[in-house]
Every structure is written in structure tokens, then in C-alpha cells.
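First the proteins, then the strands, lettered A, B, ... as listed; each starts at 1.
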2 protein chains.
Amino acid sequence: MAQSDIEIARAARKKPIQEIGAALGIGADHLLPYGHDKAKVDQGFIDGLADRPDGKLVLVTAVTPTPAGEGKTTTTVGLGDGLNAIGKKAAICIREASLGPNFGMKGGAAGGGYAQVVPMEDMNLHFTGDFHAITSAHNLLSAMIDNLVYWGNEQDIDTRRVVWRRVLDMNDRALRQITTSLGGVANGFPRETGFDITVASEVMAILCLAKDLSDLQERLGAMIVAYRRDKSPVYARDIKADGAMTVLLKDAMQPNLVQTLENNPAFVHGGPFANIAHGCNSVIATKTALKLADYVVTEAGFGADLGAEKFMNIKCRKAGLSPACVVVVATVRAMKMNGGVAKADLGTENVAAVKEGCANLGRHIANVKGFGVPVVVGINHFAGDTEAEIAAVKDFVAGEGAEAILCKHWADGSKGMTEMATRVAEIADSGTADFRTLYPDDMGLFEKIESVAHKIYHAGAVVADGKVRAQLKEWEEQGYGNLPVCMAKTQYSFSTDPGQRGAPTGFDLPVREVRLSAGAGFVVAICGEIMTMPGLPRHPAAEAIRLNEAGEVEGLF
Amino acid sequence: MAQSDIEIARAARKKPIQEIGAALGIGADHLLPYGHDKAKVDQGFIDGLADRPDGKLVLVTAVTPTPAGEGKTTTTVGLGDGLNAIGKKAAICIREASLGPNFGMKGGAAGGGYAQVVPMEDMNLHFTGDFHAITSAHNLLSAMIDNLVYWGNEQDIDTRRVVWRRVLDMNDRALRQITTSLGGVANGFPRETGFDITVASEVMAILCLAKDLSDLQERLGAMIVAYRRDKSPVYARDIKADGAMTVLLKDAMQPNLVQTLENNPAFVHGGPFANIAHGCNSVIATKTALKLADYVVTEAGFGADLGAEKFMNIKCRKAGLSPACVVVVATVRAMKMNGGVAKADLGTENVAAVKEGCANLGRHIANVKGFGVPVVVGINHFAGDTEAEIAAVKDFVAGEGAEAILCKHWADGSKGMTEMATRVAEIADSGTADFRTLYPDDMGLFEKIESVAHKIYHAGAVVADGKVRAQLKEWEEQGYGNLPVCMAKTQYSFSTDPGQRGAPTGFDLPVREVRLSAGAGFVVAICGEIMTMPGLPRHPAAEAIRLNEAGEVEGLF
């Protein structure tokens, strides 16, 4: 493997996006092009699909992430290409990338090796502008709230209780906590507030959960933005912002179509993070793909404790989706790190550490099985993995009543994915899935948090002060008790301590704060020190990002 | 005229953008489509035009704006269509619209009546994402500055002297003055700063003045963002942000091509305001259009005291452009308001007030003539104008040694523009223009400000305290003395008092603050109370903006 991801991507033989659409039965007149290799699918076409049968939905999730890398998106792309290569009609659905982390340290979000989505530069930059539209819509509402207060505050908003913040698609710690409207009368009433990263916006969650534009506007209007002096909630519709926000989001709401290196269709749409939001691509993209393909492979963010849990308990519950099979991605390297090996020592064979680290994989397998969906483990192959290490993972998985398949899509594209694709299609076709959510709608909000904490994380006590519990009770009294919970927690551990790898048990889970996303339809429980606005590292990736002599982007990936 | 602007725009028989490009000789492979009716022209094609001769450049400017409306963009569109209708090969170049004002009170920026550019909804929303790219690039630099300070401040930045603020494309007065990095150690060092509107960003000015991507990066790197404790300037290149900013701007740098209602080409690119920035569309769009058309009609913002002055002294000076003819747009209604009539009384004939208000027009004519370029006045016809009022304007203009032509493009499209188009083509072809800037490069900075104040505004004293004068001196010593000045001033008067219509003289011009835009290449002189972040009105336009049953945008125009 002499070629880097970006070299492979640049050498891609892309087809015009109209050809990719045509293979799915989307006519060129129903594709709104963005350049020659990206397009949005128009709503009229989507509306016309309602009566078609749905394909099978496959979720790709992963073990707890480590600095070794797992390759969830890469595996999603590889599996989609693999299914197409064995003669199935398959499409993939992944999330869009956030600019902030791309200029920080994360690198791109379009897969890797010979399992990539292209054009990767565009996907890691502005793409089709969806995140910018979300930023604009979110901040229009913010400006209208302060403006309403400025011009006489006819809603009697308590300016200490404005819960709607602002957003930027940028890692900027200086904006986490700010004081606005300084400088005198012309600038309004000073108050404390702050910025989150755009992917943490409730608008992002709503865009990803809404059925259509009218559902989008309804949900936007239902967002709680502040409380009045009498403590009653002020909704976005009280600010009269929902119509204009919908106008700003009308194109962003349409799914984006691009292609894999093997010219198979990829829907890339929506992008909430799984540690601070619900972590899944849009419902509209997933449902559209299910109407157009027999198999749809999608992913959910970070480990299965975050992404898969929310995929099941929030996205599938809300959208009426039912996954037919789940692939849990594991790597020998990640097992080693979960088994206590430092990153620098990953190059040395260490079967004992692999076995030790498999406890993490085991818990994710059991968790996913708890949702009633068959599981297969995909071992994403790295060149340095030894036979003995791979065998150790396979043996462990067999002992858990599942099977593990070695996947070489990174090096070989679909050819490295034949076995996995064949097996996933068999499982999906077998109809053995019997999907159920973890908790019912009518369970109390705090009990829902406890359900996830105990059954998924294996926490001991859920620790929350009286204020948090009282807030949850109040929302239940206001009619929000039937909502699911969206856990905000570090992705690096089942616990809230990013240093605790493996499969810790009995730890306390502190719920620091709860937030009601009344429009998206969930209650966010912020556990531990998770940040809704990241910072940049000492040397941000941005320092090395530039155009080369040929006008190509360097340093972004 | 029963139809509204938006009804006319929706009824437009748009051609595919590839056909519009083909008429200019741009092949489809050189157009990057954004939907079916918008495209960017690629750099490779532009590079290949270098050896072609240039067409004639016509500037459309206007009298001092009043609430009566002048119709500068409408006239630009009408003149472009008019030139094409009389058999000339013409293109227009206008600016992109800013989201902020669209959701406040300004309304759209795509012309009106039968002289519009389409698709007007897109142009007034996200268009091709250029402003979002500028916002991202600007704020990436902001985040990197605070991040550098956070991680040890290796540039020894004086955090009290960070001059680089943040931007949003939003009218949000609450962000004008803020304190950032509150909340403790993890969020950095608290300091005062604020947000400007995106169109006021130096990045916007640079995008509009840069020759190509390499010039863009050079200029971005040369921006001064802060001062060290030893008072030496910190440049964006010291922050290592110039490369990543250029990557974020690589598509935004390419001119956008759309069409008029009559299917003639319109380049819509860049959008600095003329009251707080230099107010002209991009140099790259203007130069590209000049290579592709025999006549290029462009506009500059607000009245000729702002837009035209900066067009001449900044854009033409920097880009080596030389206008062949200037059209000053006037309306009977604006003359009446400049003559002291209230908006409510505009419906009543008032020849005396028209004559009185013509003093404003007279000064603009003289000012433009001072640049050595022939002037023709376009009277943008409104239905209520009387014969006597129109005659009064024509007589006045004749007395000033120029000619005024009645233009009915709003009602009749190109057919209402035949006389003006014919005359403009004659003047442009006559070669009578002898363009000169108002002041030489080697004049002192304060003297340049005085030049504009005295010769263009007819001010008495230019008032500036010692700190402002000392700052200008310091910049001269640092080698910035050869830059032109960019006046930031209310658009509603020659003076800094928006209430002073007509042609006031002898007033003081207070220079409140000066800012060095070392990358754009000018010194901004902030005169009076002008804001670089607007606010929203009591009832923002956003309250009424929504999608109708047919999915069309209502309320934006």
C-alpha cells in the first residue's frame, strides 16, 4: 500500500453524478447538481416513492474508539461496495463532516484506503452547504430572541433563562462562555451565553429526524428557547422564527448523493455527533435509500454505547425503522489498547492484551443483541495484525455466540469484503431480527437514563442533584415524559472517565445537566465533562492545510 | 403592472446555465453547476483568457439613497439587457446579497420588475455559499488566534490588542461587543471583542480585490490580526492560518454566473457593503466579464459619494480598470425627498421640491466628472412621476453639462432601455473617458481622507483626535502610506448625519477610528456613527418569511 488516502481519492474514476442517480432510478431532472459529482435529490421525487417496499437496513457500529482507529465509515463504505460486488443492489448512508474537527485534529470523514466516498475534499469542506444553512437558521433565531428583548420584550422573557445559544461550525473554546450586548443601550441587555459547535445544534437533530419540510417547520416551532418571568416556556414559534428558519433549511433538508470509489451510491446527509447529540445521518436520507436499494448500510457515531444505542432508541423509534443486522467493527489494535497497550507498542504482537481488550467488544455485542438484532463482528484488518491476534478475536466472538469476519476493504475494496457482504445479506434476508427498543416511551425520564446507564454502560449509581431530578419531573408534568433520552458522554469509555478503557463496571454516572430538545423530541443528559464546543489542539491541522502547486488540497485528511 | 417582483421572477423562462455560458463561449466543462440555473466559472478557463482584449466598462451609481428607492441594481440589469437588445454583446457584474439584511428590512438584491436577475430566491439565500465560506475562513483565523494564546502564546500577543474580530452573516446587535473565554482555565483568557457582519470582513474585501488564488493567499497572510507586547504587528501568516483560509475560499473565489429575465449573462460575485467597506463586486468577475463581453455594466453600492468613489479610488486603481462611462441613477421621488418632501407626500406633484433636491444629483454628477469619465443620468421611471417633474430633472442635468435619459426598464425590460443603451454604447465607444483617481498613491493618509471629505463630500473640517492622526502616521512609517482610504460613513447623506439630505456643505467630518486592512490594501476611516454589525428592526422581515403551500419562498423580497 504505497498510496495515501488522498492519492487514492484523487485517482478515483468518478462517474457523473447523473449516472449514479440513474442506477438508482433517479432521473437527472430530479437531481440538483452541486458540481459534477454531488447532487441533492428533490422532494418531489422522494414523495413519489411512498408506496414502494423498503430494503433491508444494516447498521455499522463499533467498539469503544481508541487512538488506534477503528474504521467505522471505512467499513460502511466497504460493506456497501461488497454487497454491490456480490450482485446485490445496495446503497450507503453516512453523515456529513463537520468543518470544526477537520481543522483541529480529526481528519476527514469519508472512509479510507480503497473504501472511500468521493469527492473527499468537498465532503471535508463546505460540501453542499447544509451545515452552513443550519448555522444560519440557528443564529437567526438567536438574533431574533435578543432583538425581541431589545424592542420591548413583549414575550416577557427572563433574560437569565434564555436557553437558546448560538452556534459555529468551528472548534473555538473562546466562545464557550461569553457575555453579549455590552457597550451600552444600542447593543441591548448584557447577558451570559455562549456558542456550541453546529453539529450540537437542536436544528441539526431536527433536520436529521424530520420527515419532510412541513414536519421540519413544526419541530422548529416547538423548540424551547427561553422561559418567561412566570417560568412558562417560550417556543421558537413565539419568536416567529420557524418560517424563516425553514426557508433557510429548504435545500439542506434534501439528501445529498455522491459515490464510492467503486461508483456505488452514497447518501451523505446530516451530521450530529454521537457524544453530544444523537449521532445518526438523516431519516429522510435513510428512508429514501431504503426505497431505492435492497440493502442500505448506515453507520452511527463512535462506539455502540453511544451511536448504536441512540440509533435504536431515538432514530429507529421515532422513524419507525427496524434494522435487520448490525455489524460491530473491531480492530486488533483497538482490542490491544482496550487491553492496556500503549499506542507506541501496538506494533508488537500481544495476544494476551487482545484477549483482555475483547471484554470491551463483548459488552458491545451483548448490548446490540439486547435490541433483538443479529450481530456480526467485522475485524477491520491492519497490515501489522498477526494470525494469532486475529484468531484470538474470532475465538472470543464465537464464545459470545456471534461470528467475526476478517474484512480487507481498506486494502482491497469490495474484494476484501466478499465474505462479510455475503453473510450480512444472508442474515438480513433471514428475517431473524426482532427489533425492540431498550425502554418504553412511558417510562420516567430519570428511569430511562438509568436504563441506559445500567444496561448499556454497566454503571453503578446514576448521580444527579435535586435540581436535575426536579427539572426532569417538571418536564414530565409538562407532557415531555414520553420522550427518549439522548446521552451526552465521552466516547472513549463506557464510563464518563475517558481513561477507563475495556469494560468497566460499577462506576458512578454523574448527570451534570439536562436539556430539553422539545423540537427534536428528546431529553439530553449531559454526563460528566463532555463539551458542546470543542477546542483546537496546540498545533491545529489547519496550520498544515493549504493548496499545492496543482491547486489540490493538502493536509486536510 | 399587476405582478409583483417575485411573481415576475417565478414566471421567468430561465435557460439552463450551460446555455448562458455557451453564449459567452464558456464550455459546460468549465462551468461548475449549482443547481440548473447557477454555476461557477473555473479558474483554468479564466487563465486562458489573458490575451484577449477587454470590453468597455460602464459603472452604474446613484444619487444619495432615500426611502423612496433609487433602483441601482435594477438599472444595471436593465442597461445590460438594453445593450443586448440593441445588438451589443453585454454582461452585467453585480454583488451577492447578504443574508443579514434580507432577514432584517432591506429586501432582496436582484433588481426588480422586468429588470431582475434570477433565480432571485437563491440569490437572496445561500446562493453558491460564498459568504458562508468567507465567514468560515474569517472565524477559523479568529479561533486560531485565541488558540495560540491559550497554548502558551508563542507570538507574545498582547490580548488587549487583538484587532481581528469574528463575523456572522446576520444582523445581530447583541454580538457587537462581547467578552469571550469566560468560565475558567479551560476556556482561555477572557478579553473584549465582538462580531461584525460578514460583508464587513477584510476577507470579503480581499476576495473582491485578489487577482487569483495565489494573490488571495498572499493578501490573507498579510492581514494584521493583533499586536505583540512590543507593539509589532502579528500577521495572519504568523498564525499559520493563510493556507487553510485559502482552501476554505477556493470555490468562493470563482465568479458565479446566472442570468437576467431576458436570459442575458450576469456575474454575481462578492458583496462588500459600500458604507463600511469598498462596495464593489469582485475584480475577478469584472475582469472575466470584460474578456467575454464587449460591454460590461457593473454597479457600486449606495450613492456615488460612497460606491463610485471607492470604485474609482480603490477598485480601478488596484485592478488597473478604467471605466468608459458612468450612469448616475436618479428618481423623481428621490429628488423630491432630497428636496425636503416626506415619504407620505411623494404621490403629489411637486416640481419645486424636485428642483431643490436636484442639488444632490448635481454634486454627484460633478464628483463623477472629476474622475475624468463621461456621465449620463438615468431617470428610473416610477408610475406616479409627472411630465413636469421629469422635465425639471432633465433641465437641471442639461444645466450641469450632462444629459438625462428616462429609463422604463422596471415596467418594460430592455424595451424601456433602448435610448439609454444606445447612448451609453456611443459614449463608451467614443473613447472620451480620461480616467484619473482623486488622489495619488504618495499623498499622506490623512490628506487622502481630507481629499475625499473636501472634494467629494464638500465637508468643512475633518475632525480627528491625536490618537487617530498618530496611528495614521505610524502606518505611514511602517510603509502603508501608499494605500488608498476606504471611508466608512452613513449612506444617507454627504455628511455623517443621516438626516442631512440634499447637498450640505461646510459640516465637520469626524473620523472616529481608523483600521488598517493591510491584506485588502486600504485604510478604513470610520466617520461618525456607522455600525459594522447592523441590528434587526422591531419587526424583522424574518417574521413573515416562510414557504407557501407550493413550497415557494414568501416574504423574502
Item to complete: Answer yes if the side chains of B:Thr198 and B:Asp169 hold a donor-acceptor pair under 3.5 Å, and no otherwise.
Response: no
Look at [options] and state which one has the largest set of heavy-atom pairs under 4.5 Å with chain A.
options: B:Pro540, B:Ala244, B:Gly194; result: B:Ala244
options: B:Ala544, B:Ala542, B:Gly188; result: B:Ala542
options: B:Asp251, B:Val247, B:Asn187; result: B:Asn187
options: B:Ala143, B:Gly183, B:Gly551; result: B:Ala143
options: B:Asp242, B:Thr179, B:Ile178; result: B:Thr179
options: B:Leu536, B:Thr180, B:Thr246, B:Asp146; result: B:Leu536

What residue, out of [options], has the most heavy-atom pairs lying under 4.5 Å from chain B?
options: A:Gly129, A:Gly184, A:Ala133; answer: A:Ala133
options: A:Leu32, A:Ile545, A:Leu182; answer: A:Leu182
options: A:Arg176, A:Gln217, A:Met531; answer: A:Arg176
options: A:Gln177, A:Lys240, A:Met170; answer: A:Gln177

[X] versus chain A, heavy atoms under 4.5 Å apart: side chain, backbone, both or neither?
X: B:Ala186; value: both
X: B:Arg166; value: side chain
X: B:Leu248; value: both
X: B:Leu213; value: side chain
X: B:Phe131; value: neither
X: B:Met144; value: both
X: B:His132; value: both
X: B:Asn139; value: both
X: B:Leu125; value: side chain
X: B:Leu168; value: side chain
X: B:Pro190; value: neither
X: B:Lys40; value: neither
X: B:Leu31; value: backbone
X: B:Tyr150; value: side chain

Worksheet entry | Toward chain B, the part of A:Leu99 with a non-hydrogen atom under 4.5 Å | side chain
Worksheet item: By a 4.5 Å heavy-atom criterion (distance strictly below it), what part of A:Phe195 contacts chain B: side chain, backbone, both, or neither?
Response: side chain
Discussion item. Would you say the ring centers of A:His539 and B:Trp151 fall short of 6.0 Å from each other?
Written reply: no
Determine whether [X] and [Y] make a side-chain contact, defined as any pair of heavy atoms from C-beta on separated by less than 4.5 Å.
X: A:Gln254; Y: A:Val41; answer: no
X: B:Tyr34; Y: B:Asp122; answer: no
X: B:Ile26; Y: B:Phe45; answer: yes

Worksheet item: Above 12 or not: heavy atoms from other molecules or residues under 6.0 Å from CD of B:Glu19?
Response: yes
Worksheet entry | B:Glu192, CD: over 12 other non-hydrogen atoms inside 6.0 angstrom | no
Fill in: For B:Asn147 against A:Arg538, the heavy-atom pair lying closest together
ND2-O, 4.1 Å
Worksheet item: Could you walk me through whether B:Phe189 and B:Asn153 pass the side-chain contact (heavy atoms from CB on, under 4.5 Å) check?
Response: CA-CA 11 Å; B:Phe189 297 85; B:Asn153 197 1; over 6 Å; no
First locate atom [atom1] of [X], then atom [atom2] of [Y], and finally report the distance between them rounded to the nearest 0.5 Å.
X: B:Trp164; Y: B:Ser142; atom1: CH2; atom2: OG; value: 7.0 Å
X: B:Asn102; Y: A:Leu140; atom1: CG; atom2: CG; value: 11.0 Å
X: B:Glu218; Y: B:Asp212; atom1: CD; atom2: CG; value: 10.5 Å

Practice prompt. I would like to know whether A:Met105 and A:Asn171 meet side-chain contact (heavy atoms from CB on, under 4.5 Å); could you show each step before the answer?
Written response: CA-CA 10 Å; A:Met105 60 191 303; A:Asn171 287 14; over 6 Å; no
Practice prompt. Salt-bridge test for B:Lys38 and B:Glu121: reply yes if a basic N is under 4.0 Å from a carboxylate O, no otherwise.
Written response: no
Item to complete: Could you walk me through whether A:Lys250 and B:Val553 pass the side-chain contact (heavy atoms from CB on, under 4.5 Å) test, one step at a time?
Response: CA-CA 9 Å; A:Lys250 73 180 172 58; B:Val553 180; 3.5 Å; yes
